[in-house]
*Asks:* 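Here it is, the structure, as structure tokens.
Not measured: the values here are computed from a predicted model. Residue numbers count from 1 along this sequence.
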Amino acid sequence: MSAPFRSVSTLALAVAGLSAISAAAQGMPLPVATMPAVTVHVPAQGVADAVHQFAAQAHVQIVVAGTVAQGHRSVAVDGTMDVPTALARMLGRTGLVARRTGEGVFVIVAEKGALIPAAADAAIAPGAAEGEPEGSIIVTGVRAAQEEAAAEKQGALNTTETLRANDVGKLPDQNVAEAIKRLPGLSVANDQGEGRYAIVRGIDPGLLNVTLNGQTLPAPEPDGRQVKLDDLPSAMIQAVTVTKSVLPNQDANAIAGEVAIRTRTAFDSKAPFTFDARGALGRYSLNHKTAWEADGTVGGRFGADEQFGAVVSVNYSRRNIESENYQGSSAWSGGLPDGNGLRDYNLTRTRLGVVGNFDWHPSPTAKIYLRTSYSEYKDNETRDQNRLAITNSTTMAATATVLVRRRIENDNTRSATLGGEFSEVAGGTLSLSGGWTRAVKNDPLRSEFTYSTAKGGVTTAYNGSTYPYTLAATTDVFNTPSAFTFSKVNFETRHAAEEIWQGRIDYTHPVGESMTLAVGAKLLSRDKTDDHDRQDYKTTGKIGKTGGALSDVDYTGDTSFMGGQFPFGTRIDYSAAKAWFDANPTQYALDSSGTISDSLSSDYRVKEDIVAGYAMATIKTGALTLVPGVRMEHTVDKAYAKIVDATSTLADGYNSYGRNSYTDFFPGLTARIDAARGLVIRGAVTTSIGRPNYPDLAPYVIADTSGTVPAVSIGNADLQPYRAINYDAGVEFYPAPGAILSAGYFHKDIHNPIYSYGQTETNVTLGGTLYASALVTQPINVDREQLSGVEFNVQYQFTQLPGLLGGFGISANYTHVWGDAHGGQVRSGAIPLAYQSKNVGNVQVFYEKYGLSARVAFNYRSSYLDTLGDSAATDQYTDGNGQLDVHVAYQIKPEVTVFGDATNLTDAPWRRYQGVKSQLIEREHYGSMVRGGVQVHF
């Protein structure tokens with residue numbers, strides 16, 4: 001019996017024993033105060049849709065997790081009656097009941113003994129939302145969003161975390177990555193002070209599956225499978241669900257889990273017509289420049305019985321960002337750096353997001369939808385740099401360079417999904433969907449001019465007692481433009497794209513009163529390409545002696561750096577340098593070998609086809625719910641790349657090919673026990689996969705024959721995917737709506753992790769060339785990785801307290817992770833895992849009452865490995881980071897809210913070091929940002 005099946009069997013026996021001694025305590029509905037009569041007309045249909053229509057007509061708020069309502073059909077209700085009576089009639093024969101949690105607020109839960117595997121009774125505190133002063137304005141946006149998220153987490157079959165937008169459709173942060181980093185076990189990898197990639201439980205974001213409206217998202221970045229979440233403005237999003245233990249009906253390519261993003265639809269609103277708009281203006285403390293954004297959403301339901309729905313949402317933001325980067329050393333030796341540099345980044349970053357969602361419910365048993373989206377991300381950046389490079393560590397002689405880089409980056413992702421859900425199909429529910437997505441990264445300009453002194457022509461002095469350390473020329477060389485002459489320049493363009501066509505079918509069918517069966521299939525076809533073109537030019541004169549003078553193209557900008565700790569010297573006017581370059585063709589020559597290598601080495605194409613199918617059951621017996629199942633995925637990869645050697649030319653097309661295919665089965669068993677009212681115990685043993693990064697699969701051959709022994713780098717189309725067995729266990733208690741107390745443990749055994757490995761080989765043929773001896777470097781599969789962790793989470797709203805105190809709430813979570821890798825080919829002993837912060841935590845104190853909403857949030861993660869070295873002494877780490885943010889909003893009237901934010905009040909830097917923290921590689925800081933704005937909601 002295989003290890004996965006043994007693990008699943010073990011869990012099954014453990015859960016069976018636990019269920020035998022657990023009590024299935026079921027609560028009774030609370031008494032409901034008399035409420036005014038309402039007139040409603042809600043036809044028989046799926047419970048989720050019926051609840052939306054009922055809430056809109058009765059002007060009440062109803063919280064229901066999608067998994068609670070799944071597979072249940074409401075009873076038609078038509079007439080004038082009080083809300084509790086109407087809800088009871090509508091939910092008749094569904095096994096669901098509506099419990100009142102506050103004035104005009106209800107939650108849908110399972111009735112005692114009903115087969116609702118995903119639900120558990122909410123423990124409602126009587127009078128929790130009562131006692132408000134007469135005429136007070138109660139802000140329900142954030143509180144309602146938290147209650148809905150908690151209800152969805154409680155109702156889920158497996159381990160999930162949910163973040164829902166408030167009633168104006170906004171998440172609390174500027175992009176999706178920034179928003180979800182506040183969830184338990186999550187952190188982010190940053191770019192220019194903003195979150196970019198989600199890191200779940202310290203696992204490489206390339207092993208995380210990301211979906212948008214149920215469809216797999218492509219990655220515009222050429223270097224891996226990780227999906228950029230900073231491309232997606234938060235205003236586009238209705239909800240984000242992070243799955244930590246996947247079910248068989250989810251993609252298996254999810255060792256880190258899944259981030260499922262859903263955009264807003266017309267049926268997410270209580271009112272038949274909605275209009276939302278928001279505008280904000282901000283200011284950065286570092287450069288005193290502005291940031292602004294605006295968004296608007298309009299939508300509604302129309303037609304007979306409101307069977308049609310449409311929502312269009314547009315978001316645009318523009319930020320003028322500066323960051324100051326102290327460039328340390330990536331080659332520390334004997335406690336001395338190899339140089340230092342000052343890099344000043346100034347960029348304009350814009351985002352555009354457009355969503356168009358359209359729905360048609362032609363009958364109570366059918367709904368058809370079209371989901372479309374377009375997101376655009378642009379960076380227009382100038383990077384100025386003063387750099388000293390040590391050439392003799394004994395005399396501290398160095399070469400000084402002044403550089404300027406211009407970079408323009410244009411990314412966009414487009415998606416369209418057509419689907420439908422049909423109940424009462426042979427007694428079950430049938431779901432169909434098909435989609436197309438395309439992500440493009442287009443860099444029309446990546447260029448850098450370099451002006452240098454003569455090699456070793458500058459004497460320096462080192463002082464390690466300052467922070468950062470000080471390495472400075474003994475003369476004011478960076479304010480002496482005549483000491484520098486033109487050295488080199490490069491001009492580069494890049495274009496990467498990933499296109500995905502995908503379709504899936506799912507069918508669920510009840511079997512008796514205690515079981516539901518589900519089967520499904522998915523097809524996915526992916527085409528990923530990367531194309532670089534680069535020209536490298538070098539001076540024809542002697543650097544520092546002849547050639548173009550820096551004094552012809554220089555200017556003096558802001559000379560203060562890092563609060564005046566370091567002076568920033570001469571800068572290059574990029575436009576002037578480009579004009580000089582165009583006018584003086586005799587002063588430089590094309591570096592042919594470098595140009596060919598840089599232009600061909602990164603080019604690749606990978607075509608990947610995946611055929612998947614699954615079967616799973618949901619079995620409920622008393623308090624125990626079991627979800628056994630298995631998924632199959634067959635993968636075919638076809639890879640194309642280029643051979644780069646002395647015979648290569650710029651006209652070369654793909655001339656190296658690879659193919660690989662593999663079939664995997666993913667058994668899994670998930671269990672939950674509703675041990676008592678509001679108390680849920682979870683356990684799961686699941687299996688998953690992590691496919692190799694596209695550049696690693698590309699069969700490139702890059703040969704450098706300039707040394708005594710040729711150095712040859714090659715791809716590996718025969719790479720096997722990561723394969724993992726995942727163990728999850730947790731206890732969750734829900735004492736009141738929106739309140740959570742939980743603790744969990746997880747462990748992952750990961751086989752076939754991929755690392756770069758180099759060794760000297762003899763008589764080896766690579767790219768059609770025989771090498772008597774060569775140092776060959778390629779990605780390979782090594783033995784294993786393993787990691788474990790614990791998570792703790794608390795969230796509570798003190799609504800039962802009197803007066804002002806009833807508006808307070810707290811949310812805090814902490815995750816501790818440990819683990820390592822083993823691969824003797826790469827390095828002996830334990831190898832630290834990339835992206836693994838041992839400690840991740842969040843604390844939020846919030847207030848919401850009398851029209852005031854406020855939040856103080858602190859987010860922290862400890863350091864993590866980002867680049868593996870030859871030994872622990874040369875490993876490179878991204879340092880820990882702690883950031884404090886504040887948000888305050890006041891509801892002037894129900895339709896109008898003003899707000900203000902302060903971000904990164906701690907001025908938390910991004911910092912990297914080698915081996916030990918004192919060996920600085922780089923430190924970058926951004927300052928804080930404050931902004932204010934207004935939002936309207938009708």
Side-chain angles (χ1 to χ4, degrees), residues 191 206 217-228 231 375-381 405-415 436-448 489-501 525-537 590-609 637-660 691-704 712-717 719 767 778-779:
D191 175 72
L217 268 180
E221 296 286 350
D223 298 329
R225 293 179 182 266
Q226 60 269 27
V227 175
K228 287 176 58 180
D231 282 5
S375 61
E376 183 179 88
Y377 171 101
K378 293 183 177 182
D379 265 0
N380 192 327
E381 175 189 281
R405 185 182 76 173
R406 285 283 291 114
R407 179 181 66 86
I408 297 176
E409 176 184 355
N410 298 328
D411 297 352
N412 67 78
T413 301
R414 311 175 189 195
S415 72
W436 167 85
T437 56
R438 180 176 173 83
V440 174
K441 177 182 174 61
N442 184 34
D443 297 348
L445 176 65
R446 292 179 66 90
S447 174
E448 187 167 59
V489 65
N490 62 69
F491 302 100
E492 181 182 6
T493 62
R494 302 197 304 186
H495 181 86
E498 182 174 343
E499 184 174 58
I500 297 177
W501 290 91
S525 181
R526 166 185 282 122
D527 193 345
K528 179 80 174 187
T529 59
D530 185 25
D531 180 24
H532 290 220
D533 289 300
R534 176 167 165 149
Q535 296 83 42
D536 298 314
Y537 297 91
L590 180 69
D591 176 8
S592 297
S593 61
T595 293
I596 291 172
S597 178
D598 291 339
S599 296
L600 302 182
S601 58
S602 298
D603 295 354
Y604 71 82
R605 181 182 185 185
V606 174
K607 299 180 69 175
E608 186 171 79
D609 295 319
D637 285 321
K638 297 177 182 178
Y640 311 80
K642 297 178 180 180
I643 300 170
V644 183
D645 57 24
T647 66
S648 298
T649 69
L650 289 175
D652 287 355
Y654 294 124
N655 51 15
S656 182
Y657 309 96
R659 187 183 188 279
N660 195 11
R691 295 183 175 87
N693 281 331
Y694 312 114
D696 292 339
L697 288 171
Y700 60 85
V701 179
I702 305 170
D704 180 1
V712 185
S713 298
I714 61 175
N716 188 352
L719 283 171
Q778 71 173 143

*Asks:* Can you tell me how far apart CZ (R605) and CG (D531) are? Round to the nearest 0.5 Å.
*Replies:* 12.0 Å
*Asks:* Can you spot which of K228, R407, R446 makes a salt bridge (charged side-chain N to carboxylate O under 4.0 Å, His left out) with D379?
*Replies:* R407
*Asks:* Got a salt bridge between E608 and K528, using NZ or NE/NH1/NH2 to carboxylate O under 4.0 Å?
*Replies:* no
*Asks:* Between S599 and D533, do the side chains contain an N or O donor and an N or O acceptor separated by less than 3.5 Å?
*Replies:* no
*Asks:* For R406, I'd like to know if atom CZ has over 12 heavy atoms of other residues, nucleotides or ligands within 6.0 Å.
*Replies:* yes
*Asks:* Drop me the distance from I408's CD1 to N380's CG, to the nearest 0.5 angstrom.
*Replies:* 4.5 Å
*Asks:* Could K441 and D443 be called an ion pair, given the rule that one side-chain N must be under 4.0 Å from one carboxylate O?
*Replies:* yes
*Asks:* Does the distance from a Lys or Arg side-chain N to an Asp or Glu carboxylate O, for E492 and R534, drop under 4.0 Å?
*Replies:* yes
*Asks:* Which class fits the ring pair W436 and W501: parallel under 30°, tilted 30 to 60°, perpendicular over 60°?
*Replies:* tilted
*Asks:* Taking S525 for its side chain and D609 for its backbone only, find out whether a donor-acceptor pair lies under 3.5 Å.
*Replies:* no
*Asks:* Test your reading of the model: is there a side-chain donor-acceptor pair from S648 to the backbone of I643, 3.5 Å cut-off?
*Replies:* yes
*Asks:* Which heavy-atom pair separates T493 from P444 by the least distance, and what is that distance?
*Replies:* CG2-O, 3.3 Å
*Asks:* Y640 vs Y657 aromatic rings, parallel, tilted or perpendicular, using cut-offs 30° and 60°?
*Replies:* perpendicular
*Asks:* Which one of D598, D603, D530 satisfies the salt bridge (charged side-chain N to carboxylate O under 4.0 Å, His left out) criterion with K642?
*Replies:* D603
*Asks:* Between R225 and N693, which heavy-atom pair has the shortest distance, and what is it?
*Replies:* N-OD1, 3.2 Å
*Asks:* Kindly give the heavy-atom pair with the smallest separation between G224 and A219, and that separation in Å.
*Replies:* O-CB, 4.1 Å
*Asks:* If you round to the nearest 0.5 Å, how far is CG of D637 from CG of N660?
*Replies:* 6.5 Å
*Asks:* How many angstroms lie between atom CG of L600 and atom CG of N655, to the nearest 0.5 angstrom?
*Replies:* 8.5 Å
*Asks:* Rounded to the nearest 0.5 Å, what's the gap from CG on D536 to OG on S592? Could you check?
*Replies:* 10.0 Å
*Asks:* Hey, what do you get for CZ (R526) to CD1 (I500), rounding to the nearest 0.5 Å?
*Replies:* 4.0 Å
*Asks:* Checking side-chain polar atoms at under 3.5 Å, does R438 have a donor or acceptor matched by the opposite partner on N412?
*Replies:* no
*Asks:* Considering non-hydrogen atoms only, spot the tightest contact between A439 and P218 and give its length.
*Replies:* CB-CG, 3.6 Å
